Novice: 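Quick one: the structure is below, questions incoming.
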Amino acid sequence: MPLISVLAKMEMRGISLDTDILKDLSLRAGEELEVLSDEIYRLSGENFNINSPKQLGEILFEKLKLPGGSKTKTGYSTSSNVLEPLKDHYRIVSLVLDYREINKLKTTYLDVLPGLIDTFTGKLHTSFNQMITSTGRLSSSNPNLQNIPVRTEFGKLIRKAFKPSSEENILFATDYSQIELRILAHYSDSERLIKAFQDGRDIHSETARDIFELPSDAVIDSSMRRIAKTVNFGILYGISDFGLSRNLGIDRKEAKKYIESYFFKFPGVKDYIDRVILEARKNGYVTTISGRKRHLNRISDRNMNIRKGEERIAVNAPIQGSAADIIKLAMIQIDREIDDRKLKTGMVLQVHDELIFDIFPGEFDTVCRIVKTHMEKACKLGVPLIVEFKKGIDWYHMESFQVL
DNA sequence: CGATCACGC
DNA sequence: GCGTGATCG
């Protein structure tokens with residue numbers, strides 16, 4: 001059951017892009033960048049290239065003597081992880097972060113996407129690559145439509161330009177809820193994790209209760225939930241205290257406490273991690289739910305950094321790769337049923353755990369059922385697979401709804 | 001062309 | 001953990 005024809009159809013179908021919206025946003029971004037750069041130059045007492053990490057580092061950490069200091073071999077690190085903690089104390093840092101964000105959006109999306117519209121079809125056609133990633137995920141390029149901004153409000157506005165193929169059509173988006181953590185629950189057979197998913201609980205709040213040792217009815221504030229969410233992601237990525245401390249902006253010792261506390265509360269997860277690493281050492285590879293292999297030739301390397309890196313891959317690859325397997329199966333089955341029923345609705349994008357459709361008038365309810373069924377039944381795990389639904393007149397104005 | 005940075009999951 | 005892409009030097 002090949003996926004390739006599904007991808008080919010998605011690529012050929014393309015997606016409609018309203019270039020007027022992007023042109024307007026680009027203009028606004030340009031004006032904002034002008035204001036920001038003028039102010040950055042004024043505060044630093046000279047003009048320089050803000051886009052050059054080297055020049056920026058010298059201005060911030062040598063000329064203005066901001067605390068923080070060096071990091072990389074090429075000089076000072078100016079990554080958002082370094083700048084973020086400084087932004088409330090130094091206005092220039094806050095301006096630089098704003099500049100970075102807007103400049104990124106302008107140069108990567110606003111000014112590029114309009115030029116990639118196919119002159120013949122009038123649409124944007126990405127390439128979905130099946131042979132690139134080491135885990136079995138797809139990748140998308142020219143343009144990459146798997147990294148369209150969603151996090152910041154200005155970035156999210158870009159999604160207003162992505163529209164269905166006609167005024168009558170509707171964009172429909174479905175995504176797997178916490179698929180990777182559910183796969184972890186499945187593989188680890190962790191009682192706590194499985195119970196939480198079976199009861200339909202908020203998994204990050206649940207984790208917060210566990211690692212902070214709070215009663216089950218305790219109210220979880222946003223900062224505790226944020227920490228728990230980062231810990232959960234860390235677990236999926238094969239976590240190190242170093243990585244977690246960097247992500248949370250705390251010291252390693254504290255990060256280590258969170259991890260230990262997590263493993264104490266979720267012993268099944270700890271066992272799974274140990275098990276999959278042993279499996280990798282024995283076989284030289286790990287596998288996904290459908291049997292895809294990820295080879296790990298350096299899992300027993302003498303160099304600890306290399307070894308630990310391979311171990312993180314051994315933990316993450318089966319989880320990330322199984323999620324990719326599952327959504328691919330769903331895509332094939334959805335495509336077949338849409339085809340069998342001679343519907344005009346088409347799949348337009350896949351974003352790892354998410355599918356986006358261009359729905360034709362009159363087909364809405366049918367397509368919702370088809371997509372829900374095939375996504376939720378693509379694979380039987382020890383926990384339910386849950387899919388969430390949104391619809392809208394463009395990729396920005398998406399409203400959640402239930403499919404019964 | 002490697003390094004750095006930032007966007008997504 | 002997995003990607004793509006812009007920019008610098």
Side-chain angles (χ1 to χ4, degrees), chain A residues 48-58 70-84 96-113 115-116 126-152 154-156 158-159 162 173 175-181 183-184 229-230 232-240 242-244 246-247 273 276 286 288 292 294 296 308-324 326-327 349-356 395:
Chain A
F48 65 101
N49 188 348
I50 306 168
N51 297 320
S52 162
K54 183 166 176 288
Q55 293 181 40
L56 180 63
E58 284 161 8
S70 68
K71 257 186 93 181
T72 66
K73 55 192 132 190
T74 51
Y76 302 98
S77 170
T78 65
S79 72
S80 65
N81 253 318
V82 172
L83 298 189
E84 203 64 36
V96 165
L97 286 169
D98 289 348
Y99 177 93
R100 280 249 179 92
E101 179 197 338
I102 295 170
N103 192 242
K104 168 77 179 176
L105 298 173
K106 185 169 188 292
T107 58
T108 307
Y109 306 99
L110 300 175
D111 294 345
V112 174
L113 292 179
L116 292 172
T126 184
S127 295
F128 284 111
N129 316 298
Q130 229 187 147
M131 299 292 294
I132 296 289
T133 69
S134 49
T135 54
R137 272 190 179 180
L138 301 179
S139 78
S140 159
S141 54
N142 298 301
N144 181 355
L145 296 185
Q146 291 182 321
N147 72 344
I148 300 302
V150 68
R151 223 181 63 255
T152 67
F154 186 73
K156 200 169 172 183
I158 294 173
R159 295 188 169 218
F162 288 81
D175 72 286
Y176 280 116
S177 164
Q178 308 289 359
I179 189 168
E180 295 195 344
L181 283 173
I183 290 166
L184 175 67
K229 186 173 175 180
T230 308
N232 274 330
F233 277 110
I235 297 290
L236 296 174
Y237 297 160
I239 213 152
S240 64
F242 177 76
L244 185 65
R246 185 161 37 83
N247 288 338
I273 290 171
V276 80
V286 290
T288 66
R292 173 186 285 103
R294 169 76 190 258
L296 296 158
K308 293 284 177 201
E310 294 274 279
E311 289 176 1
R312 286 194 290 277
I313 296 171
V315 172
N316 176 259
I319 297 172
Q320 189 186 122
S322 297
I326 292 169
I327 196 168
L349 296 176
Q350 189 253 40
V351 191
H352 308 305
D353 64 352
E354 184 181 2
L355 297 175
I356 291 115
W395 207 7

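Chain identifiers are assigned alphabetically (A, B, ...) following the order of the sequence lines, protein sequences preceding nucleic acid strands; residue numbering begins at 1 within each chain. Bear in mind that the values here come from a model prediction, so they are computed numbers and not experimental data.
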Novice: Would you confirm whether A/N144, through its side chain, and A/Q146, through its main-chain N or O, come within 3.5 Å as a donor-acceptor pair?
Specialist: yes

Novice: Calculate the interatomic distance between A/K104 atom NZ and B/dT4 atom C1'; express it in whole Å.
Specialist: 11 Å

Novice: For DNA chain B, determine which residues of residues 132-146 of chain A have any heavy atom closer than 4.0 angstrom to one of its atoms, and list them numerically.
Specialist: A/R137, A/Q146

Novice: Separation of A/N129 atom CG from B/dG8 atom P, in whole Å?
Specialist: 20 Å

Novice: For A/I313, report the nucleic acid contact type (base, sugar-phosphate, nothing); a contact means any heavy atom under 4.0 Å.
Specialist: sugar-phosphate

Novice: Look at the side chain of A/R137 and the backbone N and O of A/Q320, then say whether any donor-acceptor pair between them is shorter than 3.5 Å.
Specialist: no

Novice: Short question: side chain of A/S140, backbone of A/F128 - any donor-acceptor pair under 3.5 Å?
Specialist: no

Novice: Counting just side-chain N and O atoms, does A/R151 come under 4.0 Å of either OP1 or OP2 of B/dC7?
Specialist: yes

Novice: Quick one: is B/dT4 close enough that its OP1 or OP2 comes under 4.0 Å of any side-chain N or O from A/S77?
Specialist: no

Novice: Once you round it to whole Å, what is the distance between P of B/dG8 and CZ of A/F233?
Specialist: 13 Å

Novice: OP1 or OP2 of B/dC5 versus the side-chain N and O atoms of A/S80: is any pair under 4.0 Å?
Specialist: no

Novice: Side chains of A/W395 and A/I356: does their closest heavy-atom pair fall under 4.5 Å?
Specialist: yes

Novice: Is it the case that the side chain of A/Q55 and the backbone of A/I50 share a donor-acceptor pair, with hydrogens and angles ignored and the cut-off at 3.5 Å?
Specialist: no

Novice: Nearest whole Å is fine: how far is B/dC9 P from A/I327 CD1?
Specialist: 12 Å

Novice: Scan A/L236, A/D353, A/N232, A/I235 and name whichever one has a side-chain contact (heavy atoms from CB on, under 4.5 Å) with A/E180.
Specialist: A/L236

Novice: Can you tell me the distance, in whole Å, between the CG atom of A/N147 and the C1' atom of B/dC5?
Specialist: 13 Å

Novice: What's A/I319 touching, base or sugar-phosphate or nothing? Going by heavy atoms closer than 4.0 Å.
Specialist: nothing

Novice: Whether the side chain of A/T126 engages the backbone of A/P143 through a donor-acceptor N/O pair (distance < 3.5 Å, no angle test) should be reported.
Specialist: yes

Novice: Without decimals, in angstroms, what is the distance between A/F154 CZ and B/dC7 P?
Specialist: 12 Å

Novice: Do any side-chain nitrogens or oxygens of A/T108 fall under 4.0 Å of OP1 or OP2 in B/dC7?
Specialist: no

Novice: In whole angstrom, give the distance that lies between atom CG of A/D353 and atom P of B/dG8.
Specialist: 14 Å

Novice: Should A/I327 and A/I179 count as side-chain neighbours, where that means a heavy-atom distance under 4.5 Å?
Specialist: no

Novice: Does the side chain of A/R294 come under 3.5 Å of the side chain of A/S134 through a donor N or O and an acceptor N or O?
Specialist: yes

Novice: Going 5' to 3' along DNA chain C, which are the first and last nucleotides with any atom under 4.0 Å from a heavy atom of chain A?
Specialist: C/dG1 to C/dG9

Novice: Using a 4.0 Å heavy-atom cut-off, does A/V150 contact any base of the nucleic acid, only the sugar-phosphate backbone, or nothing at all?
Specialist: sugar-phosphate

Novice: Expressed in angstrom and rounded to an integer, what is the separation of A/I158 atom CD1 from B/dG8 atom C1'?
Specialist: 12 Å

Novice: When we call it a touch if two heavy atoms are under 4.0 Å apart, what does A/E180 touch: a base, just sugar-phosphate, or nothing?
Specialist: nothing

Novice: Considering only residues two or more places apart or on different chains, which pairs with a residue in residues 97-108 of chain A satisfy salt bridge (Lys or Arg N to Asp or Glu O under 4.0 Å)?
Specialist: A/K106-A/D111

